[in-house]
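See structure below.
Just so it is clear: chains get the letters A, B, ... in the order the sequence lines come, proteins before strands, and each one is counted from 1. Keep in mind that the numbers below use all heavy atoms, side chains included, and drop hydrogens, waters and symmetry copies.
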Protein chains: 2
Amino acid sequence: MPFEDERQIFENYIRSKNLKQSKQRMQILEIFLKTEKHLTAEELYRLVKRRFPSIGYATIYRTLKLLCDCGICSELRLDDGTIRYEHLYGHEHHDHLICIKCGKFVEVVDPEIEKLQEKLAKKEGFILKRHRLQMYGICKECRNK
Amino acid sequence: MPFEDERQIFENYIRSKNLKQSKQRMQILEIFLKTEKHLTAEELYRLVKRRFPSIGYATIYRTLKLLCDCGICSELRLDDGTIRYEHLYGHEHHDHLICIKCGKFVEVVDPEIEKLQEKLAKKEGFILKRHRLQMYGICKECRNK
DNA sequence: TTGAAATTGAAAATCATATTCATAATATAA
DNA sequence: TTATATTATGAATATGATTTTCAATTTCAA
Ligand SMILES: [Mn+2]
Ligand SMILES: [Mn+2]
Ligand SMILES: [Zn+2]
Ligand SMILES: [Zn+2]
């Protein structure tokens, strides 16, 4: 059974908050987990709806919030204002290279950049909590089109 | 007369697009320029309103868009979804250190980080167009509070 | 099994931003 | 100047994404 960890985390979180399990929450979790993409709420809604047509939009939003709260999912705010959700659990921190033509996401991480950010923050007297680095450009495939 | 450059740019842009100058546009430009901060549309609206009470909200949005289009102003999307506007003309590219307690903005730039970003993008076959680096943390003043 | 508490989907409410529209201001040409 | 065509304005309304409300349904611990 894949994603056993994530299911456990979700169930534990729900119990710890005195919430209740539900069919819908598990269906949304299922579809979210098996879709390894950077999804908008709407895209996730469509995917879930396709398989479980009675799902409501509000339940998608409500469940996405729970998934973020328990560390399974994380929110990604893009330059054009859209919000996308990606897997968090089991994924190392990474930054994003995003193609402005085709929308492709490439996950990258440069330990040197990470280190320099810490240094920069310290120099200004900040204790760094998190950061976001998004690089927008044109990917190899889109260059000759 | 301060900000002569910016006024020229704005006027030239307006003429080039066959738009018309207006009292309101100049008033908004004035207040925007003399406020060296990272402002939300609402904050700018309040500031302008204080001095020119007849101004409408829509005119703020419309003018902010013009200011961005002509390169005087640039939009900054934060992690919490708010959009802030900052001076662009005459300001070098920079990234942001933001205090999650008091909201302070510190403008920083590390040429080494910039260089490594280019390298990273090239390695993935991307032609980099722009990037955004925001670092969130706790500033020196807020640390002991 | 029961019943209090949480969850659901649909509809309505929010909130920031954009658009509409009737009136006013601006710019260009006579 | 003045005429007139065009654009800008503020108020009101619309929009779109997300949240909240609410009555009906489901969950789960006793
Ligand atoms: Mn990612
Ligand atoms: Mn800045
Ligand atoms: Zn591409
Ligand atoms: Zn601070």
Side-chain angles (χ1 to χ4, degrees), chain A residues 7 10-32 38-70 73-85, chain B residues 7 10-32 38-70 73-85:
Chain A
R7 260 185 288 271
F10 194 38
E11 288 173 22
N12 290 342
Y13 179 78
I14 283 175
R15 223 172 302 121
S16 79
K17 293 283 182 185
N18 290 316
L19 305 179
K20 290 174 179 171
Q21 282 209 50
S22 78
K23 179 161 65 44
Q24 290 88 336
R25 284 175 178 169
M26 290 308 154
Q27 293 168 342
I28 293 167
L29 176 63
E30 223 43 52
I31 303 288
F32 173 73
H38 300 79
L39 293 170
T40 62
E42 199 206 339
E43 286 164 356
L44 180 60
Y45 171 69
R46 287 187 194 290
L47 286 175
V48 177
K49 187 101 184 161
R50 203 157 69 191
R51 197 120 87 72
F52 307 104
S54 64
I55 201 77
Y57 226 133
T59 304
I60 297 290
Y61 278 105
R62 289 187 281 230
T63 304
L64 273 172
K65 183 160 292 177
L66 291 178
L67 293 177
C68 288
D69 290 346
C70 73
C73 174
S74 103
E75 217 182 71
L76 198 56
R77 283 173 192 269
L78 285 301
D79 246 14
D80 62 357
T82 58
I83 300 179
R84 291 184 171 272
Y85 297 87
Chain B
R7 259 185 288 270
F10 193 40
E11 288 173 21
N12 291 342
Y13 180 78
I14 283 174
R15 224 172 300 119
S16 78
K17 294 283 181 185
N18 290 315
L19 305 178
K20 290 174 178 173
Q21 282 210 50
S22 77
K23 181 161 64 40
Q24 291 89 335
R25 285 174 177 167
M26 291 307 153
Q27 293 168 342
I28 292 167
L29 175 64
E30 224 41 53
I31 302 288
F32 173 74
H38 300 81
L39 291 170
T40 62
E42 199 205 340
E43 286 164 358
L44 180 60
Y45 170 69
R46 286 186 196 290
L47 286 173
V48 176
K49 188 100 184 162
R50 202 158 69 192
R51 197 120 87 74
F52 307 104
S54 66
I55 201 77
Y57 225 134
T59 304
I60 297 289
Y61 278 105
R62 289 188 280 232
T63 304
L64 272 173
K65 184 159 292 181
L66 292 178
L67 294 177
C68 288
D69 290 346
C70 74
C73 174
S74 101
E75 218 182 70
L76 198 55
R77 282 173 193 271
L78 284 302
D79 246 15
D80 63 358
T82 59
I83 300 178
R84 292 183 172 274
Y85 297 88

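- When heavy atoms are screened at a 4.0 angstrom cut-off, A:S54 is found touching the sugar-phosphate backbone but no base atom.
- Test A:I55, A:I60, A:L44 against A:K49 for side-chain contact (heavy atoms from CB on, under 4.5 Å) and you get one pass: A:I55.
- When heavy atoms are screened at a 4.0 angstrom cut-off, A:K65 is found touching the sugar-phosphate backbone but no base atom.
- Interface residues of residues 43-50 of chain A facing DNA chain C, ordered by number: none; criterion, heavy-atom separation under 4.0 Å.
- Distance CD1 (A:I55) to P (C:dT7): 14 Å, rounded to an integer number of Å.
- Side-chain N/O atoms of A:Y61 include none lying less than 4.0 angstrom from OP1 or OP2 on D:dT19.
- In the set C:dT8, D:dA17, C:dA16, the nucleotide with an atom closest to the side chain of A:R25 is C:dT8.
- Residues B:Q24 and B:T82 both approach DNA chain C. Their nearest nucleotides, taken by heavy-atom distance, put B:T82 toward the 5′ side.
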Write out a two-atom table: protein N or O, nucleotide N or O from nucleotides 28-30 of chain D, distance below 3.5 Å.
unit_1: D:dC28; atom_1: OP1; unit_2: A:Q21; atom_2: N; d: 3.2

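- If you measure from atom OH of B:Y13 to atom P of D:dA8, you get 11 Å, rounded to the nearest angstrom.
- If you find the closest nucleotide of DNA chain D to B:G56 and to A:Y85, the one lying nearer the 5' end belongs to B:G56.
- In this structure, A:I83 places its CD1 atom 11 Å from P of D:dA17, rounding to the nearest Å.
- Between B:R62 and the phosphate of C:dA18, there is no side-chain N or O to OP1/OP2 separation shorter than 4.0 Å.
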